[in-house]
Structure formats: C-alpha cells, structure tokens
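Letters A, B, ... mirror the listed sequences (proteins, then strands); counts begin at 1.
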Amino acid sequence: MTEQEQDQDATRYDVAAVQDKWRKVWDDLDPFRAADDGSRERRYALTMFPYPSGDLHMGHAEVMALHDVIARYWWQRGYDVLNPIGWDSFGLPAENAAIRRNEHPATYTYANIETQAESFRRYGISFDWSRRLHTSDPGYYRWTQWLFLRFRERGLAYRKFSPVNWCPVDQTVLANEQVIAGHCERCGAEVTKRELSQWYFKVTDYAQRLLDDMAGLQGRWPDRVLAMQRNWIGRSEGAHVDFAVEGREEPVRVYTTRPDTLFGATFMVVAADAKLADELVTDEQRPAFEAYLADTRKASDIDRLATDRPKTGVFLGRYATNPVNGERVPVWAADYVLADYGTGAIMAVPGQDQRDWDFASKFDLPIVRTVQPPGGWEGEAYVGEGPAVNSANDEVSLDGLDVDEAKRTITAYLERHGTGAGAVNFRLRDWLLSRQRFWGCPIPIVHCPDCGEVPVPDDQLPVELPDLRGQDLKPKGTSPLAAAEDWVNVSCPSCGGPAKRDSDTMDTFVDSSWYFLRYCSPHFEDGPFDPEAVRRWMPAEQYVGGVEHAILHLMYSRFFTKVLFDMGMVDFEEPFTALLNQGQVINQGKAMSKSLGNGVDLGEVLDEYGVDATRLTMVFAGPPEDDIDWADLSPAGAVKFLQRAWRLSGDVGSAPGTSPESGDLALRRTTHRTVHEAEQLVDSHRFNVLVARTMELVNATRKAIDSGPGPADPAVREAAEAVTVLLSLVAPYTAEEMWERLGHQPTVARAGWPAVDPALLVQESVTAVVQVQGKVRARLEVSPDVSDADLEAAALADPAVQRALDGRTVRKVIVRAPKLVNIVAS
RNA sequence: GCCCCGGUAGCCCAACGGCAGAGGCAAUGGUCUCAAACACCAUCCAGUGUGGGUUCGAAUCCCACCCGGGGCACCA
C-alpha cells in the first residue's frame, strides 16, 4: 500500500469489500428468522410481494428501504419479527414473454425470481428467507383452489352470463377495478364489451362491512386510501319505487336517491342495453329501438364516459303510472342509464336532475319543479336544498318540507302503499375473477353435460397447469387451456361420464388476497394456513406498499379476510392494522419511462454509491409517502455522511464495555435525547427526520472528539455506539463494519436498542423567551423546573424588558414555564 | 361537479399554538495541496400560496379563495 492509499484508508472504507464481507457473515448467522417460540412479543412486518418482472428497480429499492427501517427497528427493540418475502408469480408478462421466446412461462418467471432474490440479499433487506413462497407453485395454488371451492360452497363464487369488460390486446376479460377511464389498467388498450359466462366473487355481499370496518383503520391507514375505497364502494341511500306499467303484470322498479322528488317524475328511462328495455318495447317501436341499440353498441366506453355528450334515446312505446300522482309517464330507453347499476331503470325528474333536464329538453318532455329554487335562480335543474312544491295528493303533502323531511315522509307513504321502500345501493360490483389466459391458477371446476358444474374434490387438488409453451399459449379469445385436449377432457367427478374442465384461470389478485396468511405457516400441508400460526402473527401490524393497490389488492384482501372470519378460520376481520404507502421515485419531475429516457438503473446506482448510500438516500429524501425526485437527491452526499459516521468508529478511544457514567454530560444528554426521539420518529414513520437526527448526533460526536472532551471520554463511545445502532436501520453494512471496529461481535442488527436514561432527557437549563407584545425582548437561562411565579418575576426584572415596557402599564402576563413569558402592556 | 392530500430559503425538507431552521443539496469564502479532488471550518438565503377570523401569541386552529397532486364521475 502506498502512503497515499494508506492516508486515504484512514478516512474512507471500501464499500464493495464491506458489502461482500458482511453478506457472507449474515448468510451464516441468519439473524432474521422469526423464532415464533413465544419467547418475545411478536410483530408482523409485511411488504407487498413483488411481481417477478426482470430485476429490481428504483421503486423496489425505495419501498424496501422504508419497510426495512420498521422491521429492523422492531428487531432492535426486542420483538420477534416476521418479515417474509415471496413472489406474486402468476401473470401476463411471463406468458407474453413465453410466447415471444417459445418457452414455458415458468422458465422466465423462476429465472427472474432468482435474480430478484439475489438482489434483495445484496440490498440487505432483513427477510426471513425460510418462508419464501411463490403463488405459481402448485403447493401454493392448491390452496387458492381450495379457498375458491369454499367460497363457492358459501354462494360467494358464482357464474353468470353478462356483458363484461374485454381487453382486445391481452385477450382477456377484466374486473371493473382493472379498467381505468375505459382503458386496460395493464396494457392501456381501449376496453370493449363482450357477453360471456364468467366467474364472480360476491364482494357486494360485503360492501357494507367493507365500508363500516374502515372506521377502525382511520388514522392508521392513509386518508386517501380510505377515501378511494369509500368512493369505490359508493354507498348511497334512497328508495326503490315501483311504477305500474300498462300492459304488463310486473311493475318496473327504479332506484332513486331523491324519492322526495317523485311528484316531478315525468318520464322513465331504461338502460338501452338492459334486458328490461327489450321486454318493454312495443312492436311498433321495436325497429327504432333496435336501430338505437345498434348505435349505442358501436359507441365505445370512452365515448360513453364523456359526460358532456348530448343525450340520445328512443321512446319504447309504453307508459307507466307515477304511483303518487297517477300521471301517465312515457318510458324511454337511453344509454345514459347504466344497465348494471341499481335496477337499470330510473324515474326521470328533470326539475331536479341535470341529466334528466337535458334529456327532457331534447325530446320535449314535461318538466315540473318539486323543490323551490332560491330567488334569482337562473339555472336549469335545481339539485340543492329548498322547500318541496307541487308535491301533494289527496293523502300526503310534501309541500313546504325540506329535502330530508320530504324523503322520510314520502318513503313512509310508499311503504304504507306497498309501492316502494327505503333502500341502500352500492356502486361496487361483484369481482369478475375468470381470465382467458394460461399462466394463472386453474379454476377447479368440471363442467359435466349431466351434472352441470362439479367442483373438483379436495383430495384431487391441485388442478395443475398442463405443460404448454410458446405458440400454444397464443391468445385467441378463449383460454389456451381449452385447446389442451388431454388436460381439458376429464371424467366427471360426480357421474364418471365425459366432461370438461373449466378452462379459465383466476385473476392474479385472487392469489395475492391471502398470501400474507400463508406466510404464517408456509409449509403447512393440511390447509391454506395453520390457524394457530395465523392467530399468533395476524393481523399484520404494518403493511408497506404502493398506493396503486389502494382499491384492487387491498380491498380484495379485506374481503377475503372477512369471508375467512365468517368461515371461522381467522379471528379478526381486518388483515392489516396499519398501512404505509410510499411515494414513487420519479426523475426530473416525471415518472421514469423509456420513452422519456429519464430512467435510472438501480444496478448502476448500487455499483456507483453502494447499497447503504442508496438506501439512505431513499429514506432521507423526504416523508415516505411523498414522491421523491431522484434529480433532487444526492447519493454522493449520503456516501459522504456514511464515511463520516464510519470514521467515528475508528476514533473512539475507550474500550468496549466502558461504562458511560463518568462521560461528558452534554454529549450524553444529546445521545439519550436523540435515541429517545428516534423511537417516536420511527413509530410515526418520519424516517427522514430520523436520519437528520442521526446526522446531528454524528456531528456532535465529531465535535466531542476533536474539540471537546476527546476520544477517550466514555460518552464518545456511548454516542458512537448509539449512532451505529441508529444507522443499522438504514445502512446495515456500514453499521456492521462500525460495530466491529468498536470491538463488538456481529451482528449489530440484533445488538438491541440503546436504553434511554430518563434523567438524561432533562435539560440542565433551558432558554426562556420573554416577549413584550408578542415580540422577543429578552432570553433568560433558567432551570427546567422553574415556577411560573419565579419566571415572571425574573422576566419583569430584566432590564431589556423594562426598556421595552417603557413605563407602560402591564395588563396581563402569560407564563408558560420554563419556555416563555409574554407581557401585554398598554 | 364531488371527495382526499399538499403549498416553509435557489432546491429537498424540519419546526407539542410559543425565538420560523434541525438535517441535507447547491452556492460563496477559507484551511490542506505545486495544483486539484477528497476532507475540514465558516458564510449566505425565506417570514411560511392569498385574504379574513380565533388567540396574549398562528407555518400550525377555523372560513373563503388560488395553485399543485391524487381518487370518483351520465352511479339516478
């Protein structure tokens, strides 16, 4: 080594060498395996498991760095931590890659998993590798199928023929949750409609509970996620009203949130694509109706979503009777009414609904106001508060009542007459779970010409995927499984006759709706999970992941948990006690993308700055839930700080185990205050401030060594060790290296959290601020336990205060000992 | 249109209703160096989006508005 290299060596450490050194040691020590032996209190630190697409990227690096702060903190605090990792390994990208490469999707999938697993190890995340799972393993999806059958037994999985969202690019149906503004959530293609027979989960049965139980998540889940779920569930209150229809036995039922406006219902509208429209149309009007229906079918969902589109519709030739005033009202069909919301039919009240107003104006239908608009109202439909008008019959009058009173009155009237009732409606639709693709969990159902739908018996699970690859997987609008003759043709489990397997696979969100339960007993063979293990670990105290799953994964998982609760398999109704959504990593103000050319490669960042500096940069960037712009950050600054911290470990002049009692009091106070504050900062997820406080402690320790009590002072060791443990949450390699240089055995990750001495949290003296008329006029050094009276006397006696008072009369003195005195004078 | 979150220094961000600044980036000056890099020391910069209100005192609480981000949306 040259002199220069030696010189450098004293101030820097070799990042790559340190990483290599400790990774091996950690593999041997296996320090993060959950003991699950009841010796310590348990904590479950869950992070959303990755999809194996290529290697890890900046987003993974951020979320894992944040998540690991919590997990490692819990270890240091002495908890038994469950921090598992697995892969959400079914899904389309692997299948598409397999078609391109003419291979089996498993090849691509499991190769990527290995790459990612290796990267996670390098990245130093404190996972319990013994619990690793992959949803595409037969040993896992066997239980996904088992759960599907249990759901079906409870009437919660059913098959229905209806129009569904169809992605023409991915050649599969999509759940409502996967359609974003008319486009496929995954590939961005415009979604079209198809009529297909598909499997659904009856999530709507749980709508009210999904909504109600959010109350318990308030404050522990981000507000916006709760708001998004609330929006998505879309509960509304109103009433059902039955309208008798001429020439038809059955009345037509409508749902309305404004039963108070019933006297103003001057026509009805049925969704053009609803069965009801077809039933109601008269022979005379049928040609016009058919033509209209054909037109609307041509219009894409995108067009339909445009709210400012002119209204269209067609008269069905039929009349109904308004149940409160006996008026004869025409029945129309239109595409502004949705077939699958409410009853697919509405009472149109143009006076109080702008859409109905637009329709009435266009087709010259009568408009009656039933809520008095305020004076000077110049708008069209009036949807606000006001007294009811024009709303009376022989028996009941709403006139003069406000909206709420009128609703109650008319609903009671309808109930008395058997023509309606109060009703609740939800925007939430059932979860469409069938997919016409290969690389997913097969639906364990056999279709028999004689017996119908027959579940595959539990002892024959899993229904494994056949060995298809390459071109056999090409999407053709039906599942590739349907073409696998050997696989699809089976004998009926019930009658033994020839039958066919259901050839669709499940939405991958089914796989991920219960993986957190499997983690508790990943090798359990007698069920999807060991109920005892789940009782020990669940619900997860902390879940960390992206907000993109706010309504998909998170609502489905809540649904699954509630069903399992009802089945008696778990004893809790919410799976995730607390949720943290990290922001995105962006670059130069924009999401990273190939087309913008602003992508940042994680591998290159790690090579240049090292794992610890990368993690530190992510954690320090700002509040975890905010987006972080890579262009604003300084990984080089993180490297600098880590070197600075590391240098402390070589400068400590006392032996390991030295008692800090006799150490410099000022530094000891700083150390204990910092550790104490760090506890609160981690608990409240203010990790960026945690890093800032650690930096301060490094600065204070440096100062103590260079220009304070010196390196041999025991307080310096105490401080340096505290820095090391704090740093172990964010920068495990550097912390491990420091710990060793401080004379300790690995691993610092399990060293334990420094004990805080409450006596050292009390300041010797504090600065009290004295204000006159709210302006600071003096500062007094006082004891922290100074009395209000003493502080007031000292403040009033201060010459600067006297000058400021300038002979005025003191009117009032506010004393907040020991920090502040405010004197009001005139 | 409805709902949620946010707006503090050139930038990223701190601040139980009590001195607007903890930490970092950038910039500038210095020490070290033949010079530079690294390192170290020091300095500079805002009155908290706007307007009201509550209070002895407001970045913080309340109201209205502006701007930005996100969600829902012909859902009756």
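- Scanning for side-chain contact (heavy atoms from CB on, under 4.5 Å) contacts around D651(A) gives R702(A), I705(A), with sequence neighbours left out.
- At rA76(B), one or more side-chain N or O atoms of S236(A) fall inside 4.0 Å of OP1 or OP2 (strictly under the cut-off).
- Regarding M347(A), its CE atom lies at a distance of 20 Å from the P atom of rC74(B), rounded to whole Å.
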Can you give one letter per nucleotide of nucleotides 3-18 of chain B, going 5' to 3': B for a protein heavy atom under 4.0 Å from the base, S for sugar-phosphate only, - for none?
-SS-----SSSSS--B
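- Applying the side-chain contact (heavy atoms from CB on, under 4.5 Å) rule to A636(A) yields the partners Y609(A), S634(A); only residues at least two apart in sequence or on another chain are considered.
- An OP1 or OP2 oxygen of rA76(B) is reached within less than 4.0 angstrom by a side-chain nitrogen or oxygen of Y341(A).
- In this view, S649(A) and R741(A) satisfy the side-chain hydrogen bond (donor to acceptor under 3.5 Å, both in side chains) rule, not counting sequence neighbours.
- Rounded to whole Å, the distance from CG on L616(A) to C1' on rG23(B) is 11 Å.
- A sub-4.0 Å separation between OP1 or OP2 of rG24(B) and a side-chain N or O of N699(A) is present.
- Counting atom types as modelled, K311(A) pairs a side-chain N or O with a base atom of rC74(B) as donor and acceptor under 3.5 Å.
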Could you give the side-chain donor-acceptor pairs of residues 810-818 of chain A under 3.5 Å, partners two or more places apart or in another chain?
unit_1  : atom_1 : unit_2  : atom_2 : d
R811(A) : NE     : S826(A) : OG     : 2.6
R811(A) : NH2    : S826(A) : OG     : 3.4

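- One atom, CG of L690(A), and another, P of rA22(B), lie 19 Å apart when rounded to the nearest Å.
- Shown here are the side-chain contact (heavy atoms from CB on, under 4.5 Å) partners of A271(A), two or more places apart in sequence or in another chain: D273(A), A274(A), V337(A), A339(A).
- Using the six-membered ring where Trp is involved, F359(A) and F363(A) have ring planes that are tilted, between 30° and 60° apart.
- Here R429(A) pairs with D340(A) under the side-chain hydrogen bond (donor to acceptor under 3.5 Å, both in side chains) rule; sequence neighbours left out.
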Pairs: protein N or O with nucleotides 27-33 of chain B N or O, under 3.5 Å:
none

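- Residues forming a side-chain contact (heavy atoms from CB on, under 4.5 Å) with A406(A) (at least two apart in sequence, or on another chain): D260(A), L398(A), L401(A).
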